[in-house]
Amino acid sequence: MPSSPHLSRHWFPELASARQRHFLASTQQGVFIDVKGKHLINFSSNDYLGLRTHPQVKAAAIESIEALGFGSGGSRLVCGDHPQMHQLEAELATWKGYESCLMLGSGVLANLGLMQAMSDRHTHVFSDKLNHASLVDGVRLSGAKSHRFNHLDMVMLAEQLEKNPAQKRIIVSDGVFSMDGDCADVERLLALAEQHQALLMIDDAHGTGCLGEHYKGLTANFSGHGSLLEVGTFGKAFGGYGAFILGTHEFIEGLRQRMRTMIYSTALPAAIPAAMLASLALIQTGRLQQTLHKNIQTFLQHSQGLPLIASQTAIQPLLIGSDSEALSMAHKLREEGFFVPAIRPPTVREGTARLRITLSAAHRDDDIKQLATVLKRLCR
Ligand SMILES: *Cc1c(COP(=O)(O)O)cnc(C)c1O
């Protein structure tokens with residue numbers, strides 16, 4: 001049959017083999033999830049510290065909603081701004097060691113808007129091939145000349161920089177890579193940026209709050225460096241929603257003037273900065289991170305022999321290979337009471353389907369040991 005524009009498959013041929021949709025209901029206890037009527041232990045969340053359901057975080061949001069209502073009512077530059085947004089920006093900048101900070105809707109909006117604001121067709125952007133989709137799209141939409149280097153390949157990046165001299169050049173990398181759990185070498189990236197007079201942009205969505213000195217993320221030792229820009233999100237360790245960009249005063253001011261995904265988008269509800277101030281205070285105590293790292297060690301100790309991609313982060317991917325086997329493993333794990341999603345192409349490379357296991361401070365010792373035991377049995 002000829003395809004017709006009235007048919008959904010004319011536009012979405014992938015519907016024929018659509019991914020399975022779960023109807024998920026997150027329960028109040030952070031570490032459980034209800035899937036198709038089953039109560040499962042959740043090993044798929046980015047809520048690494050369990051802050052999503054922390055009483056202080058919830059209380060701060062509720063108090064704000066009682067006082068101010070829910071929606072912000074407008075974009076930040078019109079009437080959606082609130083003093084708590086500025087307080088959170090100031091506290092984040094101080095904690096992370098940057099001059100200034102700009103909060104905005106989400107990590108995707110931050111990356112799309114940032115790349116667009118920074119780039120024109122004379123700009124050259126050098127990206128790690130495994131960067132988050134929002135960075136890939138950001139570069140594409142920005143119209144910049146795009147160069148992609150093999151994952152973590154600093155030699156290839158150096159060659160690309162040498163071959164492409166230009167006034168405006170940006171190196172872009174995830175801090176912790178979200179599907180592999182490995183980390184960028186920020187020190188070497190920054191050295192290359194310096195040497196070639198380029199800017200370095202690190203998206204440390206998964207590192208901030210979990211890794212580095214005082215858990216400030218992978219840039220902890222380099223923050224405030226004039227050639228360094230950083231994106232972070234509230235959707236991961238902070239247990240919330242939204243994102244922020246860190247950099248020099250002048251840089252952030254430039255973005256305020258030009259960043260379309262901030263200027264033309266409704267400001268986040270004030271309850272978000274209120275709750276994220278509570279998350280930040282809890283993150284700064286470092287207590288939850290100690291539990292997270294103890295849990296990571298427990299998992300590593302009990303899962304020796306499993307085909308894990310080596311990682312000291314909360315992201316512990318188990319490499320399976322074939323899509324159907326990864327799906328079958330995920331299904332069997334659900335039968336055993338664990339929710340671990342199968343991640344398949346195009347999210348990851350062909351032939352590298354995996355189970356993306358994520359650990360949280362909210363997991364109990366026994367949850368982790370049981371998962372490792374079941375994984376060993378299923379992998380045999
Ligand atoms: C999650 C994530 C984003 C997107 O952030 P949202 O706030 O969820 O839109 C961007 N970059 C990286 C590396 C991420 O892991």
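One-based numbering, in listed order, for ligands and for the atoms of each.
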Ligand-side contact atoms (ligand 1) for residue partner [X], heavy atom cut-off under 4.0 Å:
{"X": "Ser134", "result": "10 (C)"}
{"X": "Asp203", "result": "10 (C), 11 (N), 12 (C), 13 (C)"}
{"X": "Asn111", "result": "10 (C), 11 (N)"}
{"X": "His206", "result": "14 (C), 15 (O)"}
{"X": "Ala205", "result": "12 (C), 13 (C), 14 (C), 15 (O)"}
{"X": "Lys236", "result": "1 (C), 2 (C), 3 (C), 14 (C), 15 (O)"}

His363 and Asn295 side chains, donor-acceptor separation under 3.5 Å
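No - no donor-acceptor pair under 3.5 Å links their side chains.
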Assess the side chains of Asp120 and Thr123: does a donor N or O sit below 3.5 Å from an acceptor N or O?
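There is such a pair between these side chains.
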Hey, does Asp174 come in under 3.5 Å of ligand 1, counting only N/O atoms on both sides?
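No: no nitrogen or oxygen of Asp174 is under 3.5 Å from one in ligand 1.
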Go through Thr352 and Arg354 one step at a time and tell me if the side-chain hydrogen bond (donor to acceptor under 3.5 Å, both in side chains) criterion holds.
CA-CA 6 Å; Thr352 69; Arg354 65 199 62 184; 3.1 Å; yes
Phe339 ring center near Phe32 ring center (under 6.0 Å):
no
Would you find more than 12 non-hydrogen atoms of other residues, nucleotides or ligands less than 6.0 Å from Gln167 atom CD?
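12 or below, so no.
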Around His331, counting heavy atoms of other residues, nucleotides and ligands shown, do more than 12 lie under 6.0 Å from its NE2?
no
Quick one: which of Ala133, Gly107, Gly105, Gly207 has a heavy atom closest to atom 7 (O) of ligand 1?
Gly107
Give a yes or no on whether atom 9 (O) of ligand 1 lies under 4.0 Å from any heavy atom of the protein.
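Within 4.0 Å: yes, protein heavy atom nearby.
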Describe, in one word, how the ring planes of His147 and Phe126 are oriented to each other, choosing from parallel (under 30°), tilted (30 to 60°) and perpendicular (over 60°).
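Ring orientation of His147 relative to Phe126: parallel.
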